[in-house]
Participant: 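Just passing along the structure, written as structure tokens.
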Amino acid sequence: KIPPNQIIVTTFGKKASLEIKQRLDLALLELNLQDNVKNDIISQLKVGTFHGLCLALLRQFGHLIGVTRVEILSESEQEQILKKAIQKVPDNIYDYYKYRNNKVNLMSPAKQQKKKRKNNNKKNSNKEEENGDDMDDEDQLEDTMFASLELNDKHWTFDINLIKKNISKLKTQGLTSDTYIKTGGESLDQALLYFYQYYENECKRLMKLDFDDLLLKTYLVLKQNKHIIPSNKHILVDEFQDTSFLQLQIVLLWSSNGK
């Protein structure tokens, strides 16, 4: 027998997580346990999505790495941060691309981005009217022309989606901007580093986390404070083959004190 507080069951989607909880509830019902005993077992089991379990852990132990508040950064807030970062890009970063020294591509044709922004604006306009959103001129950056480079007879500028994608990629590898500097070596991209540092600093200023941070910060707090890891004797990962590198590292840390 394994104590329920030493069991972790995790999956990727909320629907699958809910289904697992329902199956556990039915299994316990068949044991004819008293309600208070059954409820006590369910309350001790750690069952949920990776992000849900990490969120709960950060609310309890996040202060150990300076995360004193756990509030999720919205997608629109992410974009506003990166738009401002693009506006403030120093000249040496443009020179970095001009002379083809970049290791990662964070640019796309300006016309292509303009079309995407127009389509997104059409989709979001009705929602903003319904919500009564009244954005300040400073925040209304969609119409701002970002500085661009002329490459291959096209005007190129930094692409928010490519920046987000590559920052996310670094986080899923367990890298903060500081560790990216230390471990990047010859593959370190100065433009990506600039955007990652800017984005990271703004998240700290706002005291908010994005969804990748839920995993990254959990990994860091567990790695740096192994004494808080309980003796988990049984860990079930649904669809284990789909785990990312960072999720696997979290699972390994969860199991590190089990015997």
Side-chain angles (χ1 to χ4, degrees), residues 1-75 78 168-176 179 203 207-259:
K1 293 183 179 180
I2 303 174
N5 63 354
Q6 295 179 4
I7 297 173
I8 295 177
V9 182
T10 187
T11 185
F12 293 91
K14 289 183 179 180
K15 185 177 179 181
S17 175
L18 180 60
E19 186 178 340
I20 289 172
K21 289 178 181 179
Q22 290 172 341
R23 289 183 179 182
L24 284 170
D25 192 52
L26 288 172
L28 291 172
L29 193 63
E30 292 177 359
L31 297 176
N32 295 318
L33 299 173
Q34 293 182 355
D35 286 345
N36 63 327
V37 175
K38 185 183 75 170
N39 292 336
D40 184 54
I41 292 174
I42 292 174
S43 67
Q44 292 185 62
L45 287 168
K46 293 183 279 288
V47 182
T49 63
F50 268 103
H51 289 88
L53 293 175
C54 290
L55 177 64
L57 186 140
L58 287 175
R59 283 176 172 160
Q60 186 176 3
F61 297 111
H63 65 278
L64 296 174
I65 56 169
V67 179
T68 56
R69 186 178 73 174
V70 181
E71 186 175 343
I72 303 301
L73 192 74
S74 70
E75 190 172 333
Q78 283 182 294
S168 178
K169 186 177 179 180
L170 291 179
K171 289 186 178 185
T172 57
Q173 293 172 1
L175 299 176
T176 63
T179 50
C203 288
M207 297 179 69
K208 292 188 177 183
L209 306 176
D210 62 24
F211 282 103
D212 289 322
D213 284 327
L214 293 179
L215 300 180
L216 178 58
K217 300 296 184 182
T218 294
Y219 166 68
L220 294 175
V221 75
L222 292 177
K223 186 178 180 182
Q224 296 172 21
N225 302 276
K226 292 187 179 180
H227 64 279
I228 69 172
I229 303 173
S231 179
N232 298 309
K233 288 187 167 55
H234 187 84
I235 300 174
L236 171 64
V237 181
D238 186 35
E239 301 293 339
F240 181 79
Q241 72 276 5
D242 294 330
T243 53
S244 67
F245 168 81
L246 188 55
Q247 288 166 335
L248 176 59
Q249 298 310 304
I250 291 172
V251 171
L252 294 175
L253 283 167
W254 277 340
S255 64
S256 60
N257 286 341
K259 294 182 181 178

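Everything numeric here is computed off the predicted structure, so don't read it as measured data.
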Participant: Under the 3.5 angstrom rule, does the side chain of Gln6 hit a backbone N or O of Pro3 as a donor-acceptor pair?
Facilitator: no
Participant: Going by heavy atoms in the side chains, are Leu248 and Val237 under 4.5 Å from each other?
Facilitator: no
Participant: Among all residues two or more places apart in sequence or in another chain, which pass the side chain to side chain contact (heavy atoms under 4.5 Å, CB included) test with Glu71?
Facilitator: Arg69, Lys208
Participant: Determine the minimum heavy-atom distance between Gly174 and Thr179, stating which atoms define it.
Facilitator: O-OG1, 4.3 Å
Participant: CG of Leu215 to CG of Leu220: how many Å apart, nearest 0.5 Å?
Facilitator: 11.0 Å
Participant: Measuring only between side-chain heavy atoms, which start at C-beta, is Ile250 closer than 4.5 Å to Cys54?
Facilitator: yes
Participant: Determine the interplanar angle of the Trp254 and Phe50 rings, folded into 0 to 90°, and report it as parallel if under 30°, tilted if 30 to 60°, perpendicular if over 60°.
Facilitator: parallel
Participant: Salt bridge (Lys or Arg N to Asp or Glu O under 4.0 Å), that's the test. Do Glu19 and Lys15 meet it? Break it down for me.
Facilitator: CA-CA 6 Å; Glu19 186 178 340; Lys15 185 177 179 181; over 6 Å; no
Participant: Kindly say whether Leu216 contributes a backbone atom to a donor-acceptor pair with the side chain of Asp213 at under 3.5 angstrom?
Facilitator: no
Participant: Side chain to side chain contact (heavy atoms under 4.5 Å, CB included) between Phe211 and Ile72: does it pass, once the steps are laid out?
Facilitator: CA-CA 7 Å; Phe211 282 103; Ile72 303 301; 3.9 Å; yes
Participant: Quick one: does Ile65's side chain get under 4.5 Å of Lys217's, heavy atoms only?
Facilitator: yes
Participant: Check step by step if side chain to side chain contact (heavy atoms under 4.5 Å, CB included) holds for Lys46 and Asn232.
Facilitator: CA-CA 10 Å; Lys46 293 183 279 288; Asn232 298 309; 3.6 Å; yes
Participant: Check the pair Val9, Leu45 against side chain to side chain contact (heavy atoms under 4.5 Å, CB included), reporting the backbone distance first and the verdict last.
Facilitator: CA-CA 8 Å; Val9 182; Leu45 287 168; 5.8 Å; no
Participant: To the nearest 0.5 Å, tell me how far Gln60 CD sits from Ile228 CD1.
Facilitator: 7.5 Å
Participant: What distance do Leu252 atom CG and Lys223 atom NZ have between them, rounded to the nearest 0.5 Å?
Facilitator: 12.0 Å
Participant: Rounded to the nearest 0.5 Å, how far does OH of Tyr219 lie from CG of Leu246?
Facilitator: 7.5 Å
Participant: Can you check whether Gln247 reaches Val251 side chain to side chain, under 4.5 Å on heavy atoms?
Facilitator: no
Participant: When rounded to the nearest 0.5 angstrom, what distance separates OG1 in Thr68 from CG in Leu58?
Facilitator: 11.5 Å
Participant: So, the side chain of Asn257 versus the backbone of His227: is there a donor-acceptor pair under 3.5 Å, distance only?
Facilitator: no
Participant: Test Thr10 against every option in Leu53, Leu236, Thr243 by the side-chain contact (heavy atoms from CB on, under 4.5 Å) rule and name the one that passes.
Facilitator: Leu53
Participant: Establish, from distance only, whether the side-chain atoms of Gln241 and Glu239 form a donor-acceptor pair under 3.5 Å.
Facilitator: yes
Participant: Answer whether the closest heavy-atom distance between the side chains of Thr172 and Asp212 falls below 4.5 Å.
Facilitator: yes
Participant: When you look at Val67 and Phe61, which way does the side chain to side chain contact (heavy atoms under 4.5 Å, CB included) test go after all the steps?
Facilitator: CA-CA 8 Å; Val67 179; Phe61 297 111; over 6 Å; no
Participant: Just by modelled atom types, is the Lys14 backbone N or O under 3.5 Å from a matching donor or acceptor in the Thr49 side chain?
Facilitator: no
